[in-house]
Amino acid sequence: MNTTIRTLLVASTLSAVALAVPSQAEAACGSSAATVAADVWDEFHDEALMLGCAVGAVLANADFDDCYGSVSFYSDIFTNMVSWWNDMANNSWATIGPRQLQWSGIMNGTLQLGGGRVFCSAAPSDKESVDITIEKLDGRAETEVEICKMRKDGTSVTTHTFTFANGTDNIGTVKTRTVTSAKDDVICVHLDNKSATNSFQYSLDADKY
């Protein structure tokens with residue numbers, strides 16, 4: 001077999017293999033959420049190990065039940081995680097621009113033309129249920145909302161998606177979704193403005209119980 005034919009056959013085989021391998025699906029809530037959640041999990045694991053409430057040196061298999069079961073342990077870790085989050089937001093995450101999904105207080109914001117925003121909890125939830133409530137305050141843009149659970153093994157799952165339709169007749173609309181089996185997951189919310197010309201003003205509330 002001459003060199004030209006052999007080269008063509010090899011190229012054809014490689015192309016066929018490439019087509020046969022599916023591309024990796026994007027993480028739930030997007031790549032920015034995946035990056036933030038992975039960093040949160042790494043830091044939470046380190047903090048938990050230092051406090052002595054985690055069992056397991058490998059994150060994917062670590063047991064954090066003692067951390068979640070103790071108000072003192074979880075409060076100490078969470079306080080440290082918030083401080084760490086603020087440092088990351090000003091440095092490593094500066095180009096991502098994530099917002100902390102806070103467990104108390106209302107988070108307000110505006111998505112400008114075609115913009116998106118990612119909110120993630122600063123630590124995995126210590127409760128089984130999380131309510132995510134979003135109210136449309138102003139604007140015309142069609143906006144999609146995705147709620148996700150980001151797991152310590154690096155996998156993620158979308159629990160809810162819903163849309164605020166284009167227009168102003170739905171200003172004041174409130175939508176609430178409950179994330180179940182949320183304990184031991186980082187919770188992220190991705191808001192995506194689908195309009196190139198209009199904005200979306202919102203309030204976001206997150207409660208765990």
Side-chain angles (χ1 to χ4, degrees), residues 21-46 48 58-64 67-68 77-78 81-82 84-85 88-89 92-103 107 109 111-112 114-136 141-165 173-195 200 202-209:
V21 177
S23 59
Q24 185 175 2
E26 185 175 9
C29 282
S31 58
S32 293
T35 297
V36 172
D39 289 344
V40 167
W41 269 118
D42 283 341
E43 183 64 18
F44 184 83
H45 187 214
D46 289 345
V58 178
L59 171 59
N61 302 317
D63 185 335
F64 298 106
C67 306
Y68 302 137
I77 295 175
F78 190 77
M81 291 297 295
V82 170
W84 167 85
W85 175 288
M88 292 291 287
S92 300
W93 293 343
T95 58
I96 299 176
R99 302 287 182 89
Q100 183 190 152
L101 186 68
Q102 299 174 7
W103 299 125
M107 296 153 276
L111 299 179
Q112 301 296 346
R117 184 155 296 151
V118 171
F119 291 82
C120 289
S121 56
S125 173
D126 61 330
K127 304 296 183 183
E128 288 292 349
S129 298
V130 173
D131 283 347
I132 301 294
T133 300
I134 299 177
E135 179 180 1
K136 178 176 180 178
E142 175 184 338
T143 299
E144 182 180 87
V145 179
E146 183 180 12
I147 304 171
C148 309
K149 298 194 294 187
M150 320 298 282
R151 294 165 173 157
K152 60 191 174 188
D153 64 1
T155 62
S156 57
V157 60
T158 297
T159 62
H160 301 86
T161 58
F162 55 92
T163 300
F164 288 89
T173 297
V174 177
K175 299 190 178 188
T176 299
R177 300 293 185 271
T178 300
V179 181
T180 57
S181 301
K183 188 175 181 179
D184 205 31
D185 286 324
V186 171
I187 307 301
C188 292
V189 179
H190 180 215
L191 292 86
D192 187 14
N193 179 339
K194 297 295 186 180
S195 173
F200 179 80
Y202 63 89
S203 69
L204 169 61
D205 184 31
D207 296 296
K208 58 187 174 76
Y209 54 95

Exercise. Partners of D63 by side-chain contact (heavy atoms from CB on, under 4.5 Å), sequence neighbours excluded?
Worked result: V55, D65

Problem set entry | Distance, nearest 0.5 Å, that separates CG of L59 from CZ of R151 | 14.0 Å

Exercise. Hey, what do you get for CZ (F44) to CG (D184), rounding to the nearest 0.5 Å?
Worked result: 7.5 Å

For this session: Mark yes or no for whether D207, through its side chain, and D131, through its backbone, hold a donor-acceptor pair below 3.5 Å.
Result: no

Problem set entry | Smallest separation among heavy atoms of A37 and M150, with atom names | CB-CB, 3.5 Å

Problem set entry | Nearest-0.5 Å distance that lies between atom CG in D185 and atom OG in S156 | 10.0 Å

Problem set entry | Separation between CD of E128 and OH of Y209, rounded to the nearest 0.5 Å | 11.0 Å

For this session: Determine, step by step, whether W93 and D39 satisfy the side chain to side chain contact (heavy atoms under 4.5 Å, CB included) criterion, reporting the C-alpha distance in whole Å, the side-chain angles of both residues, the deciding distance to 0.1 Å, and the verdict.
Result: CA-CA 10 Å; W93 293 343; D39 289 344; 2.8 Å; yes

Exercise. If only atom types and distance count, is the side chain of T163 paired as donor or acceptor with the main-chain N or O of A165 below 3.5 Å?
Worked result: no

For this session: Report the C-alpha separation of D126 and F64 in whole Å, then their side-chain angles, then the decisive distance to 0.1 Å, and conclude whether the side chain to side chain contact (heavy atoms under 4.5 Å, CB included) test is met.
Result: CA-CA 9 Å; D126 61 330; F64 298 106; over 6 Å; no

For this session: Go through the structure and list residues passing salt bridge (Lys or Arg N to Asp or Glu O under 4.0 Å) with K194, not counting sequence neighbours.
Result: D192

For this session: Looking only at non-hydrogen atoms, find the nearest pair between V40 and M81 and report the distance.
Result: O-CE, 3.5 Å

Seminar exercise, completed: Closest heavy-atom pair, A123 versus V186, reported as atoms and distance to 0.1 Å, is C-CG2, 4.4 Å

Problem set entry | Check: K136 side chain, K175 main-chain N or O, donor-acceptor pair, under 3.5 Å | no

Exercise. Can you tell me how far CG of L191 sits from CD of E144, rounded to the nearest 0.5 angstrom?
Worked result: 10.0 Å

For this session: Would you kindly say whether the two SG atoms, from C120 and from C188, are closer than 2.5 Å?
Result: yes

For this session: Apply the test side chain to side chain contact (heavy atoms under 4.5 Å, CB included) to residues V118 and I96: give CA-CA distance (whole Å), side-chain angles for both, the deciding distance (0.1 Å), then the verdict.
Result: CA-CA 9 Å; V118 171; I96 299 176; 5.9 Å; no

Exercise. Relative to the ring of Y202, is the ring of F200 parallel (under 30°), tilted (30 to 60°) or perpendicular (over 60°)?
Worked result: parallel

For this session: May I ask you to test the I77-Y68 pair for a side-chain heavy-atom distance under 4.5 Å?
Result: no

Exercise. Pick one: which of T159, V130, T178 meets side-chain contact (heavy atoms from CB on, under 4.5 Å) with I147?
Worked result: T159

For this session: Enter the distance from I134:CD1 to T173:OG1 here, rounded to the nearest 0.5 Å.
Result: 12.0 Å

Seminar exercise, completed: Smallest heavy-atom separation, H45 atom then V58 atom, equals CE1-C, 4.0 Å

For this session: Would you check, one step at a time, whether the test side chain to side chain contact (heavy atoms under 4.5 Å, CB included) holds for S121 with K208?
Result: CA-CA 11 Å; S121 56; K208 58 187 174 76; over 6 Å; no

